[in-house]
Structure formats: C-alpha cells, structure tokens
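Chain letters run A, B, ... following the sequence lines, proteins first and then strands; every chain starts at 1.
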Amino acid sequence: MKPKFYITTAISYPNGAPHIGHAYEALATDALARFKRLDGYDVFFLTGADEHGIKMVQTAAREGISAKELSDRNVPKFQAMVEALGCSNDAFIRTSEPRHHKASQEIWRRMAEAGDIYKDTYAGWYSIRDEAYYAEGETELRADGVRYGPQGTPVEWVEEESYFFRLSAFQDRLLAHYRDNPDFIGPAERRNEVVSFVESGLRDLSISRTTFDWGVKVPDDPRHVMYVWVDALTNYLTGVGYPDDATQFGRYWPADLHVIGKDIVRFHAVYWPAFLMSAGLPLPKRVFAHGFLFNRGEKMSKSVGNVVDPFDLIAAYGADQVRYFFLREVPFGQDGNYSVDGIVTRINADLANDLGNLAQRSLSMIARNCGGVVPNAGALKGEDEIILAAARGLLDACRPAMESQQIHQALAAIWAVIADANRYFAGQAPWELRKTDPQRMETVLYVTAEVVRIFAVLVQPVMPGAASRLLDLLAQPADRRDFAALATPLAAGTTLPPPQGVFPRIETETAKPA
RNA sequence: GGCGGGGUAGCUCAGCGGUAGAGCAGGGGAAUCAUAAUCCCUUGGUCGGGGGUUCAAAUCCCUCCCCCGCUACCA
C-alpha cells in the first residue's frame, strides 16, 4: 500500500472575489501535492472556503443580502479559480456544509469534555452598527467625547456571555511540542515568532459569539455560534471524514502539511495544535507559511488599483506559465514581487528559450534526420554520460527541496541542468555531425531527447499541462510518467509525433499590462 | 520599547574566515539544428557607515544608520 500524504491549503474567505494571493497558495500547494503523487504517495489534497464569521455578515449586510447568499455567489468563483489554475485538489470543502457543522460540534464536545471550555463574560468595545468588537487600540476617543471604532462608528463598552477555551493551560505543552518537533513550523523565522509569542504567555480565548448567528451552533447552547477560527480550522478534519468516516479519517489524519499565508501562522501553530491536544487528536506534522505577493513592490490593494485578478493572469499567460513564474521567481516562504516584465522574462527565457527550444531543436532534428523515430544511442562518450548523469540525479536534488517546501530550489536545480543540456547540444553540434558522422549525430539526438524526457517528467508538478504535451511529443504512455518511470529510458525505435512548440514566446506587444 | 530577520553588481539574490559570485539586464563575437532561440567572451560592486580581532573579514566582535516581521482574539 502506498504511503499517504495529506496536504491542505488554508480555506479562502469568500467575502470578495479571489485575488492573486489565493491563487498563489493554491498553485503552490498543488505543485507539492502533484510531486508527492508522482513520487508514489496516496495524496489527499484539500482546499475550500471559510464561509462563517462576522466579516461575511457585514459584507452581506452592506449589499442587502444574507451571508449565505453572499457565500453562494462568491464560493463558485474560488472553485473556478482553483480549476483554472489546474489544481488537482481531491475535494473542495465549504464550512456551511452540514457534515462540517457536525465535525465542529464534535471537536467542541471533546474539548469541553476535557474541561478546556468554560463560560464567562467577554468585555470589549462594541460597535452596534458594525456588529463587532474592537480592541482598545483600534478605537479612539474623539473631541466630542464619544469613542469611535476603526470604521468611524461609535462604540460602547459591552460585556457579553462567551465560552472560553483554556489556551493558557497549553503553553508548556505547545513549547514542548515546538522543541521536540523542530519542523512543525516553517520557515524557521516563523517558528521563532511563534515560540516567542507563546513564551510571552497565553491568555484564554473567547470562542463563541452571541451577537450574530451565522456560524456553527455551540452544542446544547444554540444562542452561541462558534468563533470562526474554531470551525475554520476544523475543516481539515471534516475534509477527511471526521467524525463519521473512521476509515478515511484513520487513513489520512494527521495532516502532513498545512500550507498557509504568513498572516495566519498563529491560528495554525498555536490555537490549532492546542485545540487538537485538548480533543485528544494527533497534531499535523507541519505548518508552512508562504509570503505575500507585491505588485512592483507595492502591496496590492483595491484603493491603489493594482490588484491582480488571477483569471486575467491565466488568460494572458496561461496557467502553466503563471504557476511556473510564481514558483520559480519567489522563494517559497518569502515575500515576492509580481511585474509584467518579470513574468514575460521568465516565460521567454526559461520556458520558451531554454526548455521549449531545447525540445524543439532536438525533436525537429529527429523528425527530419531520423525519420521521426527515436534513434539508437550508440556508444556513449564522456560528455553524454555527464549530461545523462546530471539529469538522472535531479530527482534526488528535487526531493529534499520539495519536502522542505523549497519549490524554487527544485526548479533552480532542474534549470541548471537544462542550461547544461543546451551547452551540450551546442557543443556537440549535431547539425555538423549530420554531415560528418551521422552515427554520432544519432547518439547526441538520443541523449538530448532522453534528458528532455527527464525534464518533462520532473516539471509535471509545476506545469502539468505543458509537461504532459511534452511527454506526448516523446510518445510516453500514461503509465510512464511518474517518477518511477525516470529509470526507464526512451526506447529507440519509438515513433514520435511531429514536434510542436510547447512553450510559446510572448511578444512584448501582446503582453498584457496589469 | 522587547524579540527576530535583513542591508553584496542596474534588478532579484547566493556566498557567511582564505584572491568578490549566479540569473536577468548592458556590450562584443560564434553558429545557423531551433520558438531571431543557442553557445562563447565581456562591462559592472570601496559586500550600509565607523572601529576592532586576525597572517587573512561580506564572512567573527563592538558601535551607529536604515528596512522588514512578531509583540493575542477582523478574517
């Protein structure tokens, strides 16, 4: 039986349309999931939408519709985005689903049974108009003697009945967990932040609200709905069958990797493990936080008008290209920059010129000079052995990079060998050999086609569509495309289809400004 | 304020004690199999400022300047 690998994105908050940050997380997680699948794992990849919470209620109220209506309008956009990106998620969860309410209530009951939930009063500055509490620092006392919230609405001191989670009791256990599992949080700088936060002391967490009813009802006390993060985090359990499908849940839980944005590290690295400890459930193996994307160095915001619509980007450049760009250009875990120049350069230099053209020039020569059939390798020379060994060694370089979510490093390693392959091809000059030593030309063309095959197999997690077309050009059957097939070299005598460009060049005139 | 991370070529970054590196951009050349792609050569940096340790410092220590993240309940 294959080893399992359960990987998730954070669930998106559908109070607006998807933006490039949502797309980035989904495409990166998809690349990691696909890599594991090709590497022989039984992968379960979950993504979805986090529909509850006060923000949904507020946004819906402004538009004069219900939170449910708002969600039903926006969630399909997220599903469409995931599909347009070519993501291979096994499920798309919505937290409004009955099965999810059931799962959330179940974990709540278990935390309550463990004695970690108690009822008390929550006090804070409350805006009736916003239907929201604000921290003291978010409010200001103006000259008129009235205190106002961040939305400019008056706030008043309110005390509300609330359930609390005994987070303070978990400080030592959390710190011990971070210490014993140094890979629990990545990248390392995020772990440092979490550790110093927990070391500074934990306060109990208010985990229910009575001011609105859009959410999961607290068991046996339906006046309360759960604080949105309690139910949002539980999606990771619901997605693999908790609590009813013990077989699926037993198979996939605990998650091997939660991929999240750096803004929600605390919820995943402090609250979530504490909830699970309380409920007596195993903890996820790892939480990895990616960075934010900036448009030409500026934070994307609606007011600046530099928000990038993922659908526009995909339409302009193609899903594979967009995926490659972000994964190659931005060190995963760090913030990154997006610009039209950057994406056009990457696509043209790396995809069209380096990889695409290498495939095209070698396959064209095979089509023209070898009757469109994979030629015989003949006796290999040192140069041939060197480039073959470099390509064949790539999986061993990519695997540790992908396992530590250093996707950019895996791609850099692959492209370094692609550059070597171009040097090899130019150095061997098979177009000269055609006249002087046709036998040798065949060997060079064979070796080049073989390394192109290896590149195509390895590049599938990042560019599933283009890689698949490249493998089509190499007449590779469906069962010869996973990493195990890397060891099965191209068979001489195989008839190849006529070569076609897989990575078109982007002419700057047609490049779409963003 | 506290804790943490950074400031290296025009841009993005690697190097973290032993004669300054990569990719992209710029300049010159070769080749013509190929998506005018490829290959070779090359311009370019007082490695944030100052001080110190050392035979030797981007690399260690001190100090100053600047940038960023975290510093609890919007998601």
Side-chain angles (χ1 to χ4, degrees), chain A residues 10-16 50-59 122 124 130 132-135 138 149-151 162 164-165 167 187-207 209 227-230 232 261-267 270-271 289 291-292 297 328-331 334-337 339 341-342 345-346 348-369 408-409 412 415-416 419 421-434 441 444-445 448 499-507:
Chain A
I11 46 179
S12 300
Y13 204 67
N15 68 333
D50 172 19
E51 302 175 83
H52 299 313
I54 184 86
K55 272 265 161 54
M56 286 296 286
V57 174
Q58 290 171 341
T59 304
Y122 176 83
D130 298 351
Y133 278 95
Y134 296 109
E138 291 179 289
Q151 308 288 333
S162 172
F164 283 80
F165 175 72
L167 185 64
E189 52 267 37
R190 299 274 97 88
R191 187 188 62 226
N192 293 340
E193 289 172 5
V194 168
V195 169
S196 81
F197 171 74
V198 175
E199 279 176 342
S200 75
L202 295 174
R203 269 189 262 147
D204 290 349
L205 198 63
S206 166
I207 54 166
R209 300 289 125 98
Y227 170 49
V228 66
W229 272 104
V230 175
K262 66 178 185 179
D263 52 334
I264 54 175
V265 169
R266 177 184 308 151
F267 302 99
V270 181
Y271 300 171
F292 290 154
R328 175 69 212 269
E329 184 85 359
V330 182
Q334 296 180 29
D335 291 342
N337 259 295
S339 71
D341 284 352
T345 297
R346 277 292 175 196
N348 284 347
D350 295 6
L351 299 183
N353 298 353
D354 290 347
L355 178 54
N357 186 51
L358 177 67
Q360 185 68 11
R361 66 201 302 209
S362 53
L363 295 179
S364 297
M365 283 201 74
I366 290 174
R368 262 186 226 146
N369 303 298
H408 61 292
Q409 285 182 0
W415 256 262
N422 269 309
R423 273 187 281 277
Y424 165 83
F425 198 81
Q428 298 302 313
W431 56 91
E432 288 293 331
L433 295 169
R434 183 184 48 171
M441 174 200 74
V444 170
L445 292 178
T448 306
Q500 292 176 344
V502 169
F503 297 107
R505 255 187 96 72
I506 294 175
E507 302 307 331

Nucleotide nearest [X] (side chain, heavy atoms from C-beta), chosen from [options]:
| X | options | value |
| --- | --- | --- |
| A/R505 | B/A72, B/U35, B/G4 | B/U35 |
| A/Q360 | B/U35, B/C73, B/A75 | B/U35 |
| A/Y271 | B/C39, B/C73, B/U32 | B/C73 |
| A/A426 | B/A31, B/C74, B/U38 | B/U38 |
| A/Y227 | B/C73, B/C33, B/U38 | B/C73 |
| A/K55 | B/C74, B/A34, B/U38 | B/C74 |
| A/Y13 | B/C39, B/A75, B/A72 | B/A75 |
| A/F425 | B/C33, B/C3, B/A75 | B/C33 |
| A/R361 | B/A34, B/C74, B/U32 | B/A34 |
| A/V228 | B/C73, B/C39, B/A75 | B/A75 |

Starting at atom [atom1] of [X], determine the distance to atom [atom2] of [N], rounded to an integer number of angstrom.
| X | N | atom1 | atom2 | result |
| --- | --- | --- | --- | --- |
| A/Q409 | B/G23 | CD | P | 17 Å |
| A/M365 | B/A37 | CE | C1' | 15 Å |
| A/I264 | B/C74 | CD1 | C1' | 13 Å |
| A/W415 | B/A37 | CH2 | P | 18 Å |
| A/I506 | B/A36 | CD1 | P | 15 Å |
| A/N422 | B/C33 | CG | C1' | 12 Å |
| A/Y122 | B/A72 | OH | P | 13 Å |
| A/D354 | B/C39 | CG | C1' | 12 Å |

Please classify the nucleic acid contact of [X] as base, sugar-phosphate, or nothing, using heavy-atom distances under 4.0 Å.
| X | result |
| --- | --- |
| A/L202 | base |
| A/E432 | sugar-phosphate |
| A/N15 | nothing |

(request) Return yes if the base of B/A37 and the side-chain atoms of A/N353 contain a donor-acceptor N/O pair under 3.5 Å, otherwise no. (result) no
(request) Between A/R190 and A/S206, just flag the one whose closest nucleotide in RNA chain B comes earlier from the 5' side. (result) A/R190
(message) Could you check whether any side-chain N or O of A/D50 sits under 3.5 Å from a backbone N or O of A/S12, counting only pairs where one atom can act as donor and the other as acceptor?
(response) no
(request) Please check if the side chain of A/Y227 supplies one atom and the backbone of A/F164 the other of a donor-acceptor pair under 3.5 Å. (result) no
(request) Taking syn as within 90° of 0 and anti otherwise, name the glycosidic form of B/A25. (result) anti
